[in-house]
2 protein chains.
Amino acid sequence: MKKSLTIHDIAKIADVSSATVSRVLSNSSYPVSPELRSKILRIAKEHNYVPNLLGKQLKTKTSMTIGVIIPTITNSFYSSVILGVEEIARKNNYQVLLCNSFQNPELEDKYIQGMFEKQVRGLIISSISSDKKQLKHFIDMGLNVVALDQKMDMPDVCEVDFDYNKGGYMATRHLIGKGHKHIAYVTAPLDRPSRLSIHNGYLTAMREAGLEPLVEEGGRESYSGTYEFENGKMLTRRLMNGGWRPSAIFACNDMTAFGVVGELAALGLKVPQDVSVMGFDGIDFGQMITPPLTTVLQPTYEMGRIACDMLLDMLLDGKKPNSGIMLLPELLERDSVAEPSVGPAAETAAGTMH
Amino acid sequence: MKKSLTIHDIAKIADVSSATVSRVLSNSSYPVSPELRSKILRIAKEHNYVPNLLGKQLKTKTSMTIGVIIPTITNSFYSSVILGVEEIARKNNYQVLLCNSFQNPELEDKYIQGMFEKQVRGLIISSISSDKKQLKHFIDMGLNVVALDQKMDMPDVCEVDFDYNKGGYMATRHLIGKGHKHIAYVTAPLDRPSRLSIHNGYLTAMREAGLEPLVEEGGRESYSGTYEFENGKMLTRRLMNGGWRPSAIFACNDMTAFGVVGELAALGLKVPQDVSVMGFDGIDFGQMITPPLTTVLQPTYEMGRIACDMLLDMLLDGKKPNSGIMLLPELLERDSVAEPSVGPAAETAAGTMH
DNA sequence: CTGTTAGCGCGTTCAC
DNA sequence: GTGAACGCGCTAACAG
């Protein structure tokens with residue numbers, strides 16, 4: 001195993017001081033004569049010089065890396081966000097330290113500590129931890145934080161948010177606009193701000209239209225990877241066995257909507273002829289099922305890019321950008337929503353109007 | 001912004017030397033009297049001491065972080081692998097630096113260089129770069145590498161492999177066992193070892209059974225996120241317009257299979273009654289479509305865990321484990337494959353036998 | 001323009 | 001059992 005060179009080795013070979021070598025190799029603006037510069041550059045290249053950033057970082061107190069903490073990378077929402085984060089990071093010569101917290105607060109804290117020890121001073125986090133004490137402490141010590149997806153409500157923490165409320169409202173309005181009156185909402189547990197907001201949007205739209213809402217809420221979630229899907233199936237079964245048969249079902253996310261579609265098929269019901277289905281998220285897989293899923297698009301990649309941009313602004317300029325940003329939803333109209341048929345479901349609906 | 005303490009600050013407060021503080025706080029085996037030990041521990045805790053790992057790493061020449069380079073995290077195959085990698089890393093107090101190469105060799109090289117500069121000495125990589133010169137150099141300099149998914153054929157590089165060949169063979173055998181004679185294989189470009197292997201397994205099984213193979217190969221791929229799906233659709237269209245109508249279609253991966261299923265539906269054909277479809281990968285979404293996809297399971301999470309274990313072995317013991325490991329495929333029987341019907345497709349098949 | 005020197009925070013000899 | 005002193009690789013102040 002070959003030993004790697006230091007600036008001192010290069011200095012010795014070039015017969016100059018290590019300071020000069022440093023000035024050249026670190027692209028310092030400090031003046032160095034063209035001859036020496038090219039000579040040092042040549043020698044460094046010849047010997048495959050690779051700088052040891054630890055030395056540099058120790059001195060300059062900057063580790064060119066940012067941390068990202070998310071629940072789990074296998075959720076395509078987050079993997080897409082990360083792709084955006086990494087793109088911006090790369091363009092600024094930063095690297096990304098990835099952590100999956102599984103929504104475990106202790107793990108989350110441990111990760112933050114570990115990153116701070118490595119002198120990471122920029123963090124993008126989708127946090128669930130209710131106890132912000134530790135994070136607060138690190139922020140005092142110089143950590144810059146951008147919150148993603150989940151609100152933090154902390155001073156000095158920038159947020160990249162998405163208008164879940166409006167998304168829920170838009171989706172419901174779309175269904176109403178198609179003529180639906182019996183619109184059910186199926187959701188994972190309403191224990192997170194984002195879910196509550198979508199739910200709220202749904203309720204608002206229903207109320208506005210003078211329609212009676214019907215919400216089915218799932219049980220405690222697990223990280224099986226198919227929880228959402230199973231939840232969608234289960235809630236649909238419950239829904240269709242109830243007396244109040246919806247002509248449209250709105251799901252809190254696309255994976256849950258897949259479950260809804262699957263269960264509807266199992267019950268012999270056609271989408272969208274018999275029942276319309278609306279998702280939320282806009283993941284790629286939505287267009288791969290039959291029929292392609294009508295849904296609300298959440299600009300995940302863009303969220304990642306923006307979050308990283310904000311973080312780098314904080315890191316470089318030391319200035320805190322406008323406290324936050326709110327991204328807007330967009331309706332992705334595909335084929336899983338249609339006007340209610342004049343079948344039994346619609347007739348029941350008409351019946352309730354008298 | 002508060003300033004963080006160093007061991008010297010702690011030493012001053014405790015009225016001892018920084019050496020003693022270091023010995024206590026770094027869990028050194030060096031003997032220190034119990035009184036001093038507890039005193040130092042107490043003071044460190046009271047003052048929220050957080051070690052600066054850069055100093056430690058500079059001294060000990062070990063950065064407790066491993067690098068992972070993959071084509072793109074949005075591919076659920078890789079995100080699942082990474083989850084496994086990170087779990088093992090975390091249990092060993094390592095952290096993960098994530099890079100998406102988009103199969104761009106220059107980006108790949110740049111990332112490797114960047115990591116090496118940060119003193120990362122362990123790398124898990126799914127490389128596409130044909131020019132291994134740079135990597136070879138870094139290995140000489142002390143980089144430990146585990147290749148994932150893509151063979152590297154380099155000495156000193158451990159491989160975690162999957163028996164794609166056998167997987168392709170098993171899938172085809174399964175179809176044959178169900179009574180299919182007209183089995184087509186649709187695939188993304190055969191430009192990667194893994195794809196060639198699956199293809200090979202298919203050919204072998206067909207040849208053994210005295211059946212005529214039919215392969216449809218897609219055009220150059222992009223990273224649109226839905227390339228595989230579109231490719232599956234396109235190839236299916238081409239296939240069903242041809243004279244030789246298959247009773248079963250085997251796709252090189254699940255996403256492509258989704259495209260096959262979707263296009264078949266668009267053509268008015270039912271799966272599996274009219275045409276059977278077999279996927280490859282075993283991603284979670286496979287069970288979320290209708291009908292649930294029969295496929296070959298690739299133990300991605302396990303691959304990640306094993307790769308990371310191997311890497312840590314190399315890193316800690318300095319020893320190179322047995323050069324590689326090969327994971328075996330498993331058939332995941334769901335509902336997209338059935339016996340061929342006695343419809344037109346089967347009759348045509350029978351016809352060719354005479 | 002160039003070199004000398006002094007740390008960054010930590011671990012580790014080597015004396016005591 | 002403890003402390004003083006040195007150095008990991010690099011940058012930045014200062015002097016020339």
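Atom set for the values below is all heavy atoms of this structure, side chains included, hydrogens, waters and symmetry mates excluded. In what follows, every chain begins at residue 1, and chains take the letters A, B, ... in the order their sequences are listed.
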Pairs meeting criterion salt bridge (Lys or Arg N to Asp or Glu O under 4.0 Å) with involvement of [range], two or more places apart:
{"range": "residues 138-155 of chain A", "value": "A:Lys136-A:Asp140, A:Lys151-A:Asp161"}
{"range": "residues 94-122 of chain B", "value": "none"}
{"range": "residues 39-49 of chain B", "value": "B:Arg42-B:Glu46"}

Report which part of the nucleic acid B:Leu36 touches: base, sugar-phosphate, or nothing (heavy-atom distance under 4.0 Å, all strands).
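Contact class for B:Leu36: sugar-phosphate only.
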
Using a cut-off of 4.0 Å on non-hydrogen atoms, how would the nucleic acid contact of B:Leu54 be classed: base, sugar-phosphate, or nothing?
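Counting heavy atoms under 4.0 Å across all strands, no contact is made by B:Leu54.
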
pair [X]-[Y]: side-chain heavy atoms closer than 4.5 Å:
{"X": "A:Ile69", "Y": "A:Ser126", "answer": "no"}
{"X": "A:Val146", "Y": "A:Glu159", "answer": "no"}
{"X": "B:Leu98", "Y": "B:Ile82", "answer": "yes"}

Suppose the criterion is ring-ring contact (aromatic ring centres under 6.0 Å, His included): which pairs have a residue in residues 80-137 of chain A, not counting sequence neighbours?
A:Phe116-A:Phe138

For DNA chain C, the residues among residues 110-117 of chain B that have a non-hydrogen atom under 4.0 Å from it
none

Using distance only, find each side-chain donor-acceptor pair of residues 21-32 of chain B under 3.5 Å and give its atom names and separation, not counting sequence neighbours.
{"residue": "B:Ser26", "atom": "OG", "partner": "B:Ser22", "partner atom": "O", "Å": "2.6"}
{"residue": "B:Ser28", "atom": "OG", "partner": "B:Tyr30", "partner atom": "N", "Å": "3.0"}

Residues passing the salt bridge (charged side-chain N to carboxylate O under 4.0 Å, His left out) test with B:Lys91, sequence neighbours excluded, are B:Glu87

Evaluate whether atom NZ of A:Lys12 has more than 12 neighbouring non-hydrogen atoms of other residues, nucleotides or ligands under 6.0 angstrom away.
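Result for NZ/A:Lys12: open.
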
Scan side-chain atoms only and decide if A:Ser76 and A:Ser79 contain a donor-acceptor pair under the 3.5 Å cut-off.
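A:Ser79 and A:Ser76 do not have a side-chain donor-acceptor pair below 3.5 Å.
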
With sequence neighbours excluded, residues passing side chain to side chain donor-acceptor pair (under 3.5 Å) with A:Asp191:
A:Arg195

For A:Phe77, what residues pass the ring-ring contact (aromatic ring centres under 6.0 Å, His included) criterion, not counting sequence neighbours?
none

Reading nucleotides 10-16 of chain C from the 5' end, what letters show protein touch, with B for base, S for backbone sugar-phosphate only, - for no heavy atom under 4.0 Å?
BBBBB--

Where does the chain B footprint on DNA chain D start and end, counting 5' to 3' with a 4.0 Å heavy-atom cut-off?
D:dG1 to D:dG9

Compute the bend angle of the helix from C:dC1-D:dG16 to C:dC16-D:dG1 from the end axes (five pairs per end), rounded to 10°.
40°

